[in-house]
Amino acid sequence: MKKTALLGAVFGAGVLAYSCGGGGVSSGTVNTYITDSPENLKKVEVGIKEIALLNTGTGERCTVFTSDPAYRIDLVEVRNVLQLLDVSSCPAGPYNILEIVMEKSPVTVIDQNNELLTCELTNYDGHSNPNIPNEVYCP
């Protein structure tokens, strides 16, 4: 079984959400970008279902991206670039969590030896330890 930790992008802080607002403004525009930097891999294709901004204090939630079926993207193709994923509007306010809902499987990986692997994301609970990236397990 191969085990690969994917950093950046959807698996960490690579999906960036910027919002304009504040000072009496009731809502703002949120541009959602995606990036990653998978190393030593030729392909890492994942499915993104939903991205939301959350405020753990107030319970405020703003969905900034949703796709059914999941939006499939090769994270190698967005290596070290910011690709615009979506533009949406959210109520103004402080958000302290970026929640990303992804398909557990399949995660398609082509490694440095051109070996095609069908993998899956491990279970991840960002509330217990948000500093650990998701990992991909490949049997």
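By convention here, the first residue in the shown sequence is residue 1.
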Could you give all pairs that pass the disulfide bond (SG atoms under 2.5 Å apart) test and reach residues 33-85, with sequence neighbours left out? Cys62-Cys90
Apply side-chain hydrogen bond (donor to acceptor under 3.5 Å, both in side chains) to Asp68 and list each qualifying residue two or more places apart in sequence or on a separate chain. none
Hey, mind stepping through Leu84 and Asn31 against side-chain contact (heavy atoms from CB on, under 4.5 Å) and telling me if it holds? CA-CA 7 Å; Leu84 182 64; Asn31 299 324; 4.2 Å; yes
Following the transitive rule for hydrophobic clusters with a side-chain heavy-atom cut-off under 4.5 Å over Ile, Leu, Val, Met, Phe, Trp and Tyr, establish whether Leu53 and Val101 coincide in one cluster. no
May I ask you to check whether Thr32 and Asp86 show a side-chain donor-acceptor distance below 3.5 Å? no
Compare all side-chain heavy atoms of Asp36 with those of Val44 and state whether any distance is below 4.5 angstrom. no
Taking all heavy atoms of Pro69 and all of Ser67, pick out the closest pair and write down the distance. O-OG, 2.6 Å
Atom pair CG (Leu54) and CD1 (Ile97), whose distance is rounded to the nearest 0.5 Å: 6.0 Å
Arg72/Glu103 salt bridge by N-O under 4.0 Å criterion: yes
Restricting to salt bridge (Lys or Arg N to Asp or Glu O under 4.0 Å), what partner residues turn up for Arg79, sequence neighbours left out? none
For Ile110, the rest of its hydrophobic cluster, which grows through side-chain links under 4.5 angstrom: Leu116
How close do Thr118 and Pro106 get, counting heavy atoms only, and between which atoms? CG2-CB, 4.1 Å
State the OG1-CD1 distance between Thr63 and Ile51, to the nearest 0.5 angstrom. 10.0 Å
Rounded at 0.5 Å granularity, tell me how far OH in Tyr95 sits from OG1 in Thr56. 12.5 Å
Are the side chains of Asn114 and Lys42 in contact, using a 4.5 Å heavy-atom criterion? yes
Considering all heavy atoms of both residues, which atom of Cys119 and which atom of Val109 are nearest to each other, and what is their separation? SG-CG2, 3.9 Å
With Phe65, which of Val30, Val87, Ile34, Leu85 fulfils side-chain contact (heavy atoms from CB on, under 4.5 Å)? Leu85
Determine the minimum heavy-atom distance between Asp74 and Lys43, stating which atoms define it. OD2-CG, 3.5 Å
Is there side-chain contact between Ser88 and Val64, with at least one heavy-atom pair below 4.5 Å? yes
Applying salt bridge (Lys or Arg N to Asp or Glu O under 4.0 Å) as the test, list every pair that has at least one member in residues 55-65; sequence neighbours left out. Glu50-Arg61, Arg61-Glu99
Looking at Glu115, is its backbone amide N or carbonyl O close enough to the side chain of Asn113 to form a donor-acceptor pair, meaning the two atoms are under 3.5 Å apart? no
Here the gap from Ile48 atom CD1 to Thr66 atom OG1, rounded to the nearest 0.5 Å, amounts to 11.5 Å
For Lys49, which residues count as a salt bridge (Lys or Arg N to Asp or Glu O under 4.0 Å) partner, sequence neighbours excluded? none
